[in-house]
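Taking it in order: structure first as structure tokens, then the write-up.
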Amino acid sequence: MAAVAAEARVFLEVRRRLQSALLILGVPDEGGLPMDVCITPTSLQMKSPGGCTELWLPAGVRLVPSSCRGLRHVAGDGLHLRLQARAEFCTKLISVFNQRSQAQECCTFYCQSCGEIIMRNRKLLRVLPLPHENWGALVDEWCCHPNPFANKPLHPQENDCFTGDCFFLVNLRRDLQQPRPEVAPVETRCLSSENHLKMKPKANTKVICKRCKVMLGETVSSETTKFYMTEIIIQPSERNFPIIPRSQFVQSVIAQCLVELSSARSTFRFTLQGHDGKAYILLWLLNSDTLVIEALESSTSIKKFPLLEDLLKADSSSAWNAVKVLYQPCIKSRNAELASSWESDVSVHSLTLPSATCLELLLILSRSNATLPPSLRCMNSFQLQHWLPCSGSEHLSELT
């Protein structure tokens, strides 16, 4: 980037399927105008009295300068314009748990928050997805005789790992180092619809990390433990623990869950609830084909886009695949009527996570929403976000 106006802002949102882009060019105040904007197929250049900002597009992304339209100035944002764009980035997301590559390998389970080893050198011979939460009702429709699987929960064997919407089920062996279980003194209601076991325990048995005391999961039976995907990292034993910023990891996992569920079940609305059964966030997935681009070569780019702070420290790339969502908080009885209607709607899917993680995610959403241009922060009373999912150290998409 050439000599830069310290507070200049460039925001480019590309939609792959629509082959269109929204470009927002911002300046600190009205004194930054007039402005000269030069758009080529591979770059953007913005000249103002304060200096010059130049943004080179990544390989595979091309703009069509002659298609520029809808140029207008939006107070608080800057200049808005739309144009045609072509992005050839691969849109395939890597699963949170890569079944093909990790089956048959010795794996180590780590606490994502502190790196504590939860299970060491566990050889997984089978990594299998659990059926849909309503699989029991479907079996009743398929069979002409009584359901042979009624009241028979699916428990993994010693070398199995079953994957749910946002959790893993593993069989714990006595000779493995285990996290310390803690029995919560509070009563809980029936587990969420995504729990295939349909159990109604009188007390919630939490699995706690020995080192940082974070809730990692719950004990399902004397041998089976459920670990939440937002709290655990599973790596081949020959690899070291990957250091991933907590906020980046959490939004990455949730974003991938939403994309996979929407693709498999045509579900686009989700209720995020804690392990205590309370609803914390309503999420509405808009699209998963967005590419967000901004200038990174300036040291001030982190200040312009606080959401990307952790990501920029580890990667100099200027583009992120994005998952766009709308959200509404439900804490302290906010949006209670809307949350109640969603809970009774069969088209809304429920996801359960530790309550602390739900609050953490809500804080991430609130903070990152504030970094968007003001005109993009709300839509039909919902607040707007772009989610940044990743798997391991690979950056795959985005939550702004």
[X] versus [Y], closest heavy-atom pair with distance:
X: Ile118; Y: Cys111; value: CG1-N, 3.7 Å
X: Lys123; Y: Asn159; value: O-ND2, 2.7 Å
X: Gln157; Y: Asn171; value: O-CB, 3.1 Å
X: Ala279; Y: Cys330; value: O-CB, 3.5 Å
X: Gln328; Y: Asn335; value: OE1-ND2, 3.4 Å
X: Leu154; Y: Leu169; value: O-CD1, 4.2 Å

Would a hydrophobic clustering, with Ile, Leu, Val, Met, Phe, Trp and Tyr connected at side-chain separations under 4.5 Å, put [X] with [Y]?
X: Leu18; Y: Leu285; value: no
X: Ile244; Y: Leu363; value: no
X: Leu291; Y: Val64; value: no
X: Leu71; Y: Val37; value: yes
X: Leu362; Y: Met215; value: yes

Nearest 0.5 angstrom please: [X] [atom1] to [Y] [atom2], how far?
X: Ser237; Y: Met119; atom1: OG; atom2: CE; value: 10.5 Å
X: Phe382; Y: Leu283; atom1: CZ; atom2: CG; value: 9.5 Å
X: Leu326; Y: Met379; atom1: CG; atom2: CE; value: 5.5 Å
X: Thr53; Y: Leu25; atom1: OG1; atom2: CG; value: 9.0 Å
X: Ile234; Y: Leu124; atom1: CD1; atom2: CG; value: 7.0 Å
X: Leu63; Y: Cys68; atom1: CG; atom2: SG; value: 8.0 Å

Could you check whether atom [atom1] of [X] has more than 12 heavy atoms from other residues, nucleotides or ligands sitting under 6.0 Å from it?
X: Glu238; atom1: CD; result: yes
X: Trp342; atom1: CH2; result: yes
X: Ile243; atom1: CD1; result: no
X: Arg15; atom1: CZ; result: yes

Do [X] and [Y] make a side-chain contact, defined as non-hydrogen atoms from C-beta onward lying under 4.5 Å apart?
X: Leu376; Y: Leu22; value: yes
X: Val348; Y: Leu282; value: no
X: Ile208; Y: Lys213; value: yes
X: Ser366; Y: Gln383; value: no
X: Gln112; Y: Thr230; value: no
X: Leu57; Y: Arg62; value: no
X: Tyr280; Y: Leu361; value: no
X: Phe167; Y: Glu218; value: no

Applying the side chain to side chain donor-acceptor pair (under 3.5 Å) test to His349, which of Thr267, Thr271, Asp165 qualifies?
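Testing His349 for a side chain to side chain donor-acceptor pair (under 3.5 Å) against Thr267, Thr271, Asp165 leaves exactly one candidate, Asp165.
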
Worked verdict on Ser375 versus His80 for side-chain contact (heavy atoms from CB on, under 4.5 Å):
CA-CA 10 Å; Ser375 64; His80 283 224; 3.2 Å; yes

Pair [X], [Y]: side-chain N/O donor-acceptor within cut-off below 3.5 Å:
X: Thr352; Y: Gln273; value: yes
X: Arg269; Y: Ser347; value: yes
X: Glu337; Y: Ser341; value: no

Classify the angle between the aromatic ring planes of Tyr110 and Phe241 as parallel (below 30°), tilted (30 to 60°) or perpendicular (above 60°).
tilted

Which word best sums up how the rings of Phe109 and Phe227 line up, parallel for under 30°, tilted for 30 to 60°, or perpendicular for over 60°?
tilted

Step by step, work out the side-chain contact (heavy atoms from CB on, under 4.5 Å) result for Cys114 and Cys209.
CA-CA 9 Å; Cys114 68; Cys209 175; 3.5 Å; yes

Given side-chain contact (heavy atoms from CB on, under 4.5 Å), test His155 with Val220 step by step and report yes or no.
CA-CA 9 Å; His155 288 295; Val220 174; 4.2 Å; yes

Using modelled atom types and a 3.5 Å cut-off, is there a donor and acceptor pairing between side-chain atoms of [X] and backbone atoms of [Y]?
X: Ser333; Y: Ala336; result: no
X: His275; Y: Ser355; result: yes
X: Arg16; Y: Asp289; result: yes
X: Ser67; Y: Gln84; result: yes
X: Arg122; Y: Glu158; result: yes

Listed partners of Arg377 passing salt bridge (Lys or Arg N to Asp or Glu O under 4.0 Å), at least two apart:
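Scan of Arg377 (salt bridge (Lys or Arg N to Asp or Glu O under 4.0 Å), adjacent residues dropped) gives none.
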
Residue list, side chain to side chain donor-acceptor pair (under 3.5 Å) with Thr357, at least two apart or on another chain:
Glu231

Which is it for Met46 and Leu55 under the side-chain contact (heavy atoms from CB on, under 4.5 Å) test, yes or no, and what are the steps along the way?
CA-CA 9 Å; Met46 181 174 63; Leu55 171 65; over 6 Å; no

Out of Val253, Ile254, Val250, Leu353, which residue meets the side-chain contact (heavy atoms from CB on, under 4.5 Å) rule with Met229?
Val253

